[in-house]
Each structure stands twice: as structure tokens, then as C-alpha cells.
Amino acid sequence: MRLSRGFLPTLKEVPAEAQIASHRLMLRAGLVRQTSAGIYAWLPVGLRVLRNIEQIVREEQNAIGAQEVLMPTVQSSELWKRSGRYDAYGPEMLRIRDRQDRELLYGPTNEEMITDLFGQVIKSYRELPQALYHVQWKFRDELRPRFGVMRGREFFMKDAYSFDASYEDAVATYRRMMLAYLRTFQRLGVRAVPMKADTGPIGGDLSHEFLVLAPTGESGVFFDAALEEQDWLHENVDIADHASLEVFFNGVTRFYAATDEMHDETSWEDVPADRRREGRGIEVGHIFYFGTKYTESMGISVSGPDGAQFFPEMGSYGIGVSRLVGAVIEASHDEAGIIWPDSVAPYRAAILSLKPGDEAVDALCERLYGAAPDAFLYDDRSERAGVKFNDADLMGHPWQMIVGPRGAKEGKVELKRRATGERFELTAEDALAKVLGTDGAGKDAA
RNA sequence: CGGGGCGUGGCGCAGCCUGGUAGCGCGCUUGUUUUGGGUACAAGAGGCCCCCGGUUCGAGUCCGGGCGCCCCGACCA
């Protein structure tokens, strides 16, 4: 993208409503604009980040055999009356009436819908297990939206739902999902620690939430350092084998990890002092097993090997995709702006033309830009160098390719790594190879 | 939902108490200048002062009602 043509409103001054770093930076870097309380329009750069995160989430869901569907945002109240949640859900649910006065709602979650869909299609234990997910907009009418996209009313979320024939199978599914989550967050360049969670009103007894470590997190967290040191991408787990999954799962859960609500001082004392990590975290994912709660309440059963009907065991698994955009920024920024992990960055690099109009500079910039126009944001504006440096730091591109008149004469580019501030003086070819060579997977994990 | 605050050019704000025909900084436009970390000068454009009603000769300012947004708390992917 040529910046001179981009719909990319960077701000020098911070809008008054933004309180925390990620919100401020998202507005300043031109990622989003608020349209109502807790409702945001995603501008081109913000959308690229959102899509990058979504894609990594999708790949890891697919990798454990979950199948993608896309369910609607608007749902009929009928489904929710069947499960009994229409009355139970409360004012968080946005209720709508259509012109025929039918009761509709903007979905806050999709357990009912997926269970109904499942029931329409799956009739026999032979067709189990099934794991379905979608990535879709949701709406919860929060009393008090805040923190930008981190606590919006409308949000983009991956939610997966699993159906198994037995408790044992459901547990295996749960463990597979935990592995997928650990890998997903690692690829996103953030550290997310799984913590035992309260199963709450939904019930069930297997539940973990994943918290990204960031000083502005809403919950206090206590965990064993071992949990932030593992390389889940290279952890050897056979996801088809229950025993292998169990080894993996025990390997994760044997370490202490709890949010302040679940914190237990006595167990905490058992963690060696030098391995105790205390901080704050932002919840970005939640997995739980809840058994037959919905299959039973909605009357969805399948036939078993003995010919008798039974209720499949379910779990559900969410990742807050839009929230993650904010969470990644919370976990990765400095005074100057965002520091995108390679894997989610909207552009791999900014090309900073320090002297548009200079023949050598223009030629070199065009050559770089032409090599991968979709990967680069080419700052071709006739602005001062300082403006461009500041905007590039603010937007947080992993690399800056700085082209000035001095270097351009010799075909040299100055490469700056945003995260570390390292600078390299390279030929155009070497610079391109270095910048385009970083595919990001896991490389930025802190 | 309880408590607090705010709505004035695109953004950040002053003006309101003590009514008299709207101002500052940034941004934007044009020209000159500058050219490796938000350049300087000059000339411009841009405002239903959130909305409705009331008081008044006169309302951004006072009064009533509404809407919107933010902050603290309770609640949450």
C-alpha cells in the first residue's frame, strides 16, 4: 500500500475517551474508529491484523480436525426457549423484533444453534466425534463497555463446539483443544497461560481460561514459570492417541496457575520461590467441557452401538479474536507505539522514503515496493523524515526500510528492527531477503 | 444498574460562574522554506456551540426535559 493513497488516519493527539495503551494506540495508528459505545469500525490496517489473527486461529483449529462453519449473527428466540436460556440469559442479550413481531436476538454465543444443527445431521455414534467452529461477530450488551475492542459490546470470536460419544472421548477432545490453544497463542507472539477456571453457571468440571500476560490485565495471575517457557509448537503430541494427550495434559496442568479468584496460598507456597510468577492477565480464550447440558435440554440424542439413544457429551471453546488485537498490543508496545509480532503485523515492513522526488531514492523505493506490494506500506508522502519515523514506530511494523539520498546512491537500504531498534545497512536484495524471510511463526514469542 | 464527569471546526481544549453576535494549539488548503526523528513564515478554508423546549431585547453561557460519550464500582470472551 502506498501511504499517500491509504485510508490510514494516524493521529498525533489522543482522543479523550481512550484510557489504556492499546485503545489509544489503536486509535492513533488508525486501526479502528468507534461508532457507538463498545462498537467499532475496523479500518484497513486494523482489519489486516484481525484477519491475520483469525487465520492463525483457523489453521490451528483445522490442525486438530475441527471443521469450520459459519452460523448467522441473528438467531430465533425459539432455540433459546428450548434450552431454557432465553429467560435465563438476562439483559446482556440484545433482543430484537422483526416486522412480524417475531422475537429474534443478536447472538451472544451459539451453543443452542450448533446443538440444533448437530441434531439435524448426526444420528449415530458412528458419526462421532464432531468438532465444529466458526469465527463470527457476537453481541453482548455489556453494562459498561470499555478499553476499546478489549471490552466491546460487539466482538469477533472463534467459538468451537465438540460432540463426543463418551466422557473419555470428550476429555481427549478437551485436551486436543488445549494444545491447539497453546499453539495458537504462541504463534500469535504472545504468552498465554492456561489457568483452571470456575465452571460458573454453565457447570461441568473441566475448564481453563487462557490469559495473556500484560500489566493492564483485568485479573491478577499467579503461575509457575515453567508455563511460559515451553515450546508448544514443537511439543510432540499424537492427537489421535488418548495416552499421548494425557501425558501432554498432565504436563501442563501439573504446574500451578490461577487467577486471583481461584488463587490458593497453600499450593502457591509449594512452587519454588524463584519460579513464582505474579502479574496481570487478559483473558483471551476459554475452554470447557459441560457434558450433556445442551444435548439433554434440547433433546438431541443419537443411537449408540446397542441401538439405544444417548446424549452426546459436549464442550465449547472460545477465543476472543477482536480482543486479541488489543491484548497483543497491551503485551507488546512501548512509548513510541505498537510493536507487532511478525505473525500478526499488518505489513511486514514500512518503506520510508526520506526524500520523495530524489531520483535515486524514488527508484530504490519503487524497486523495494515492487518486490512485494502487499507486504509493504510505502510511505511516499512528502512529509519530513521525522513524521515518517514517528508514524512507522507508532504503527509498529516489524521492519522499517529506510531509504535516504546518501544510501540510495549506492543502492543501500537501512533496515531497522522495530522490536529491538537494531539497524542494518544492506543492499536492496539483502534487505528484501531479510524482511520477507521472517515468517514469524513463534519467533516473537516473548 | 449505583456514583461522578463531559458534549464548542477533523483531534485536543478555553469561553459558561458574572448572557451582548465564538477563540487557541494541532491537523487541513495554497505559496515560500526545510529535508535523517512531528521545520519555519505568510495567506486561507472549515463551527446546526449534542437535540428539543423555556426565560430574555438578546442564550455557547441561565432553567427544564431528552440523547450521546467517558470514568469509578458491581458484571463479563
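The analysis underlying the following values was restricted to heavy atoms, covering all of them including side chains, and did not include hydrogens, waters or symmetry mates. Each chain gets a letter, A, B and so on, in the order its sequence line appears, and its residues count up from 1.
Comparing atom distances between the A/Glu13 side chain and each of B/G36, B/C11, B/C1 picks out B/C11 as nearest. When the nucleotides B/U35, B/G36, B/C70 are ranked by their closest atom to the side chain of A/Glu17, B/C70 comes out on top. Listed candidates were B/U35, B/C1, B/G38. Nearest to the side chain of A/Arg384 is B/U35. Each of B/G73, B/G37, B/A77 was ranked by its minimum atom distance to the side chain of A/Lys416; first place goes to B/G37. Of the candidate nucleotides B/U39, B/A77, B/A74, B/U39 has the atom nearest to the side chain of A/Val387. Counting only heavy atoms from C-beta on, A/Pro15 has its side chain closest to B/C11 among B/C11, B/A77, B/U39. The side chain of A/Leu354 has B/G36 as its nearest neighbour among B/U35, B/C76, B/G36.
Rounded to whole angstrom, the span from the CG atom of A/Leu211 across to the C1' atom of B/A77 amounts to 11 Å. Atom CZ in A/Arg28 sits about 14 Å away from atom P in B/G27, given to the nearest Å. What separates CD of A/Glu425 from C1' of B/G36 is a distance of 12 Å, to the nearest Å. Rounded to an integer number of Å, the gap from CD1 of A/Ile20 to C1' of B/C71 is 13 Å. Whole-Å rounding puts the A/Arg146 CZ to B/C70 C1' distance at 11 Å. For A/Arg381 and B/G38, the CZ to C1' distance is 10 Å, given to the nearest whole Å. Atom CG in A/Asp141 sits roughly 10 Å away from atom P in B/C1 (whole-Å rounding). If you take CE of A/Met26 and C1' of B/C11, they are 18 Å apart, rounded to a whole angstrom.
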What donor-acceptor contacts under 3.5 angstrom involve side-chain atoms of residues 314-321 of chain A, with partners at least two apart or in another chain?
{"residue": "A/Ser316", "atom": "OG", "partner": "A/Glu111", "partner atom": "OE2", "Å": "3.3"}
{"residue": "A/Tyr317", "atom": "OH", "partner": "A/Ser162", "partner atom": "OG", "Å": "2.7"}

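Among the heavy atoms of the strands lying under 4.0 Å from A/Asp393 is at least one base atom, whether or not backbone atoms are also near. A/Gly152 comes within 4.0 angstrom of a base, heavy atoms only. Using a 4.0 Å heavy-atom distance criterion, A/Glu283 is classed as a sugar-phosphate-only contact. In this structure, A/Lys158 reaches neither bases nor backbone, as no heavy-atom distance under 4.0 Å exists between it and the strands shown. At the heavy-atom level, A/Leu11 lies nowhere under 4.0 Å from the strands shown. Here A/Arg423 lies in heavy-atom contact (under 4.0 Å) with a base. Within the 4.0 angstrom heavy-atom criterion, no nucleotide atom of any strand lies near A/Gly318. Contact annotation for A/Val14: backbone-only contact, meaning every heavy-atom pair under 4.0 Å involves sugar-phosphate atoms and none involves a base.
Remark: B/C67 base-pairs with B/G7; criterion is Watson-Crick or G-U wobble with both hydrogen-bond distances under 3.5 Å. The nucleotide B/A77 finds no pairing partner, because no Watson-Crick or G-U wobble arrangement with both distances shorter than 3.5 Å includes it. Of all nucleotides present, none satisfies the Watson-Crick or G-U wobble test against B/G37 with each distance under 3.5 Å. Partner assigned to B/G2 is B/C72, using Watson-Crick or G-U wobble distances below 3.5 angstrom.
A donor-acceptor contact under 3.5 Å links the side chain of A/Arg151 to the base of B/C76. Interface remark: the A/Glu414 side chain does form a donor-acceptor pair with the B/G36 base, using a distance-only criterion of under 3.5 Å. Side-chain to base pairing of A/Glu383 with B/G38: no donor and acceptor N or O lie closer than 3.5 Å to each other.
Between B/G68 and B/G31, the two P atoms lie 45 Å apart (nearest whole Å). Distance check on atom C1': B/G44 versus B/C49 gives 23 Å, rounded to whole Å. Atom name P, nucleotides B/G27 and B/G64: the rounded distance is 41 Å, in whole Å. Using C1' as the reference atom, B/G47 and B/G7 are 14 Å apart when rounded to the nearest Å. Nucleotides B/G73 and B/C62, compared at atom P, are 31 Å apart to the nearest Å. Using C1' as the reference atom, B/U8 and B/G15 are 9 Å apart when rounded to the nearest Å. Rounded to whole Å, the separation between the P atoms of B/C52 and B/C16 comes to 24 Å. Comparing the P positions of B/U61 and B/C48 gives an interatomic distance of 16 Å, to the nearest angstrom.
Remark: A/Asp393 engages A/Lys416 in a salt bridge, criterion side-chain N to carboxylate O under 4.0 Å. A salt bridge links A/Asp391 with A/Arg381: the distance from a Lys NZ or Arg NE/NH1/NH2 to an Asp or Glu carboxylate oxygen falls below 4.0 Å. A salt bridge links A/Arg82 with A/Asp116: the distance from a Lys NZ or Arg NE/NH1/NH2 to an Asp or Glu carboxylate oxygen falls below 4.0 Å.
Between A/His23 and A/Tyr40, the ring planes are perpendicular. Angles over 60° get that label, and only those under 30° would be called parallel.
The aromatic ring centres of A/His263 and A/Tyr256 sit less than 6.0 Å apart.
A cation-pi geometry, defined here as NZ or CZ lying under 6.0 Å from the six-membered ring centre and within 45° of its normal, holds between A/Arg48 and A/Tyr347. In this structure, A/Arg175 satisfies the cation-pi test against A/Phe249, with its NZ or CZ atom closer than 6.0 Å to the six-membered ring centre and inside 45 degrees of the ring normal. Stacking of A/Lys81 on the aromatic ring of A/Tyr86 is recorded, both the 6.0 Å distance cut-off and the 45° axial limit being met. Note that A/Arg418 lies outside the cation-pi zone of A/Trp340, set by a 6.0 Å cut-off to the ring centre and a 45° limit from the axis.
Aromatic stacking is marked for A/Phe155 over B/A77, as both cut-offs hold: 5.5 Å for the centres and 30° for the planes.
Across residues 30-50 of chain A, A/Gln34, A/Ser36, A/Ala37 each have a non-hydrogen atom less than 4.0 Å from an atom of RNA chain B (numbered order).
A residue-by-residue look at A/Ala336 and A/His286 shows that A/Ala336 has its nearest nucleotide of RNA chain B further toward the 5' end. Comparing A/Gly386 and A/Lys12 along RNA chain B, the residue whose closest nucleotide (by nearest heavy atom) sits nearer the 5' end is A/Lys12.
When the side-chain nitrogen and oxygen atoms of A/Arg144 are compared with OP1 and OP2 of B/C71, one or more of them lie within a distance under 4.0 Å.
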Exercise for review: Start with the C-alpha gap between A/Phe210 and A/Tyr181, add the side-chain angles, then the distance that decides, and say whether ring pair (Phe, Tyr, Trp, His ring centres under 6.0 Å) holds.
Suggested key: CA-CA 8 Å; A/Phe210 291 75; A/Tyr181 271 44; 5.2 Å; yes

